[in-house]
S.K.: 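If you scroll down you'll find the structure; I have some questions about it.
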Protein chains: 2
Amino acid sequence: MPLYIFAEKDIRQVTSVDDKALALIEEGFKKLANNEVTMPPILRVDIPENNGEVDVKTAYVKGLDKFALKISSGFFDNYKKGLPSLSGMMLLFSTETGVPQAVLQDNGYLTDVRTAMAGAMAAKYFAKQHIQKAGIIGTGTQARYQLRALCLVRKVNEVLVYGRHSERVEQYAQEMEKELGVNVKKAQSPAEVVREADTVITTTPAKEPIIKEEWLHPGLHITAMGSDAEDKNEIDPAVFGKVHVLACDSKKQVFRLGEHHHALDAGVINNNSPIVELGDVALGKQQGRTSESDITLCDLTGTGVQDTAIAVHAYDKLKKQNKGLLFSG
Amino acid sequence: MPLYIFAEKDIRQVTSVDDKALALIEEGFKKLANNEVTMPPILRVDIPENNGEVDVKTAYVKGLDKFALKISSGFFDNYKKGLPSLSGMMLLFSTETGVPQAVLQDNGYLTDVRTAMAGAMAAKYFAKQHIQKAGIIGTGTQARYQLRALCLVRKVNEVLVYGRHSERVEQYAQEMEKELGVNVKKAQSPAEVVREADTVITTTPAKEPIIKEEWLHPGLHITAMGSDAEDKNEIDPAVFGKVHVLACDSKKQVFRLGEHHHALDAGVINNNSPIVELGDVALGKQQGRTSESDITLCDLTGTGVQDTAIAVHAYDKLKKQNKGLLFSG
């Protein structure tokens with residue numbers, strides 16, 4: 001069977017953090033909320049000997065002629081070999097025949113974009129309209145993408161960033177100031193970020209909570225996007241007791257892998273606690289922020305529906321531009 | 001990252017139903033029994049609108065430098081479009097860095113081989129030493145592969161085959177007689193096959209049992225390889241009450257997806273019933289057939305460890321022969 005293979009450089013040219021990508025991801029979440037998506041639990045393999053983990057996500061979205069299967073891996077000792085920790089690729093299959101259609105060798109790029117777009121949705125529906133100061137915790141790839149995403153839906157002038165490694169913080173500040181025309185200040189602690197910012201985005205692989213409830217203040221919105229596995233945890237469970245609106249990408253997933261799972265274990269929330277899903281808010285079935293003083297929290301674990309939405313779009317654009325290599329076996 | 005892509009025709013040249021493949025699969029099952037394998041549950045997507053299903057399997061085997069992820073799909077209306085029902089591919093990733101290494105575009109060929117090799121193991125340890133007559137139920141691809149596999153471990157002179165479509169039975173008989181030099185007779189019913197044969201292999205996607213307990217006789221061995229999903233069922237649960245040795249590829253899987261799952265639901269077996277795994281038998285930790293009169297049953301659902309074992313081997317041979325296309329992005 002013929003199979004298209006697309007390279008990262010071409011994929012980057014047809015997909016970016018923009019309104020189109022946001023619309024695609026919103027549409028995907030709406031279909032998820034409307035039960036038009038089949039999304040099995042994530043398949044995960046841990047390779048502890050090499051400090052590695054591999055996740056496989058997929059979703060079948062009714063109405064799309066293809067579905068994606070995404071493999072993403074994190075091997076956290078790769079830096080010793082001079083390699084990036086994260087890698088990944090997406091595959092596309094026909095929803096009509098099951099036949100493989102394409103390999104998108106994006107090295108995780110499409111994941112970065114679709115993850116950022118869930119962050120954009122979280123900010124769009126839950127952050128205050130006027131943000132005085134945005135806070136970013138973490139200085140990696142998603143710390144960059146999430147700020148780009150935030151700038152897509154809100155006017156941002158000032159950013160406060162915290163990271164554990166000062167040279168990385170410095171580099172982050174320089175890059176973002178140049179790229180986005182924002183003023184980036186360096187915070188001394190997560191507490192400083194949370195206390196001073198209106199909207200905080202956590203982008204770390206923390207396994208111990210870094211956000212404490214005593215730092216919360218009226219109007220604060222937090223997007224926690226770092227936790228996508230049982231053992232990761234950025235938000236202290238006590239925070240959940242002070243938040244007015246709890247939101248997430250997928251209830252099923254956050255109860256298993258996200259911040260909600262730790263709050264559930266701690267007994268701060270239960271299975272019946274009101275938790276809003278992004279898709280329902282985008283459909284207008286549920287409300288986002290209701291007042292300037294609400295404290296809101298959106299927990300993102302990353303869903304297969306985002307992968308399928310972005311991959312199908314990228315494929316269609318790549319095909320139209322005659323990109324890719326056709327491997328006919 | 002550079003990625004090798006291998007075509008089915010090349011993969012077929014380096015892998016076949018032979019002693020080497022059998023040794024690889026045995027080795028895989030031994031490691032599984034020794035807890036040297038991490039094998040998460042199968043990820044599955046159903047697309048009922050198109051009578052389709054997609055399974056994703058994987059396993060990390062300690063000591064191997066790569067692990068496979070296999071995607072296989074069955075879309076049972078494909079014949080209307082002149083396409084085969086089954087398709088699939090395998091991917092290989094480094095166990096050291098998580099980086100994708102290769103796409104094996106085998107269209108399900110490696111699955112056919114590794115499935116046959118589990119069948120060969122079942123026959124090797126459970127079938128009588130001297131088979132007067134082998135029975136095959138079904139006339140598809142695995143009906144062919146399973147007979148090839150049986151011939152690898154036992155001398156077979158006469159085969160009795162049953163299928164619902166007489167022209168397919170005829171074609172099967174002609175092909176197998178020519179290829180394997182065996183005498184293939186056509187049975188009028190599954191009952192005839194089971195009553196007359198010493199070793200019976202069921203290779204159907206049946207959703208209603210086709211093997212009944214009243215047909216069993218001393219010395220009979222049955223390998224049931226058709227059932228790999230909750231709703232599939234070839235063996236009547238009552239059969240389990242008459243079998244002396246119950247065996248399987250993976251207890252966890254057969255209790256969820258295999259024939260054992262129906263026997264469990266029917267109350268004929270329970271979670272503590274003695275069930276032997278292929279790996280334990282290969283290691284000598286458990287016994288296979290103990291007497292000429294035992295009735296034995298081996299339930300195969302297909303495991304990720306077989307996929308990793310066969311794919312890593314194929315990759316190494318393909319690389320040595322300078323096959324494949326190097327896609328460097």
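On a predicted model such as this, the values are computed, not experimentally measured, just so you know. Note on naming: letters A, B, ... go to the chains in the order of the sequence lines (proteins, then strands), and numbering restarts at 1 for each one.
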S.K.: More than 12 non-hydrogen atoms from neighbouring residues, nucleotides or ligands closer than 6.0 Å to CZ on R256(A), yes or no?
M.R.: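 Atom CZ in R256(A) is packed in, count exceeds 12.
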S.K.: With heavy-atom distances below 4.5 Å as the criterion, would you say the side chains of L91(B) and I71(A) are in contact?
M.R.: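 When only atoms from C-beta onward are counted, I71(A) and L91(B) do touch, with a gap below 4.5 Å.
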S.K.: With a 4.5 angstrom heavy-atom cut-off, could you sort out which part of F76(B) is near chain A: side chain, backbone, both or neither?
M.R.: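 Neither part; nothing is under 4.5 Å.
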S.K.: Does the side chain of V54(A) reach to within under 4.5 Å of the side chain of F93(B), using non-hydrogen atoms?
M.R.: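 Answer no - side chains too far apart.
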S.K.: Okay, side chain of N50(B), backbone of T97(A): is any donor-acceptor separation there less than 3.5 Å?
M.R.: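 Pair absent, no side-chain N/O of N50(B) close to backbone of T97(A).
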S.K.: Which region of D46(A), side chain (C-beta onward) or backbone (N, CA, C, O), has a non-hydrogen atom less than 4.5 Å from a non-hydrogen atom of chain B, or is it both or neither?
M.R.: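 Only the backbone of D46(A) comes within 4.5 Å of chain B.
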S.K.: Less than 4.5 Å to any heavy atom of chain A: does that hold for the side chain of L86(B), its backbone, both, or neither?
M.R.: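 When you check distances to chain A, no heavy atom of L86(B) falls under 4.5 Å.
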S.K.: Identify which part of D77(B) has an atom lying under 4.5 Å from any heavy atom of chain A, answering side chain, backbone, both or neither.
M.R.: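 It is neither, since no heavy atom gets under 4.5 Å.
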S.K.: Under a 4.5 Å heavy-atom cut-off, does chain A meet the side chain of S94(B), its backbone, both or neither?
M.R.: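 When you check distances to chain A, only backbone atoms of S94(B) fall under 4.5 Å.
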S.K.: Hey, are the side chains of E96(B) and F75(A) touching, using non-hydrogen atoms and a 4.5 Å cut-off?
M.R.: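 In short, these two side chains do not touch, never coming nearer than 4.5 Å.
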S.K.: Would you say the side chain of M89(A) lies within less than 4.5 Å of the side chain of P100(B), judging by non-hydrogen atoms?
M.R.: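 A side-chain contact under 4.5 Å exists here.
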S.K.: So which atom in L43(B) and which in P40(A) form the shortest heavy-atom distance, rounded to 0.1 Å?
M.R.: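 In terms of heavy atoms, the two residues are closest at CD2-CG, 4.0 Å.
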S.K.: I'd like to verify something: which residue of D10(B), L325(B), I11(B), I42(B) has the highest number of heavy-atom pairs under 4.5 Å with chain A?
M.R.: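 Of the candidates given, the most pairs with chain A belong to L325(B).
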S.K.: Which bit of P41(A) is near chain B, if near means a heavy-atom gap under 4.5 Å: side chain, backbone, both or neither?
M.R.: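 Only the backbone of P41(A) comes within 4.5 Å of chain B.
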S.K.: Just so I understand: if I count every heavy-atom pair under 4.5 Å between each of V56(B), L83(B), T95(B) and chain A, which residue has the most?
M.R.: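 Option with the greatest count: T95(B).
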S.K.: Would you call I5(B) and I5(A) a side-chain contact if the rule is heavy atoms closer than 4.5 Å?
M.R.: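 Yes, their side chains come closer than 4.5 Å.
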S.K.: Which bit of L69(B) comes within less than 4.5 Å of chain A, counting heavy atoms only: side chain, backbone, both or neither?
M.R.: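 Just the side chain, heavy atoms under 4.5 Å.
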S.K.: To the nearest 0.5 Å, how far apart are CD1 in I47(A) and NZ in K62(B)?
M.R.: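 If we round to the nearest 0.5 Å, I47(A):CD1 and K62(B):NZ are 11.0 Å apart.
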S.K.: Is it the backbone or the side chain of E49(A) that comes under 4.5 Å from a heavy atom of chain B, or both, or neither?
M.R.: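 Side chain only.
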S.K.: Less than 4.5 Å to any heavy atom of chain A: does that hold for the side chain of V103(B), its backbone, both, or neither?
M.R.: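 Just its side chain gets close to chain A.
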S.K.: Among residues at least two apart in sequence or on other chains, which ones pass side chain to side chain contact (heavy atoms under 4.5 Å, CB included) with N271(A)?
M.R.: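 If we apply the side chain to side chain contact (heavy atoms under 4.5 Å, CB included) test to N271(A), skipping adjacent residues, the hits are F255(A), L264(A).
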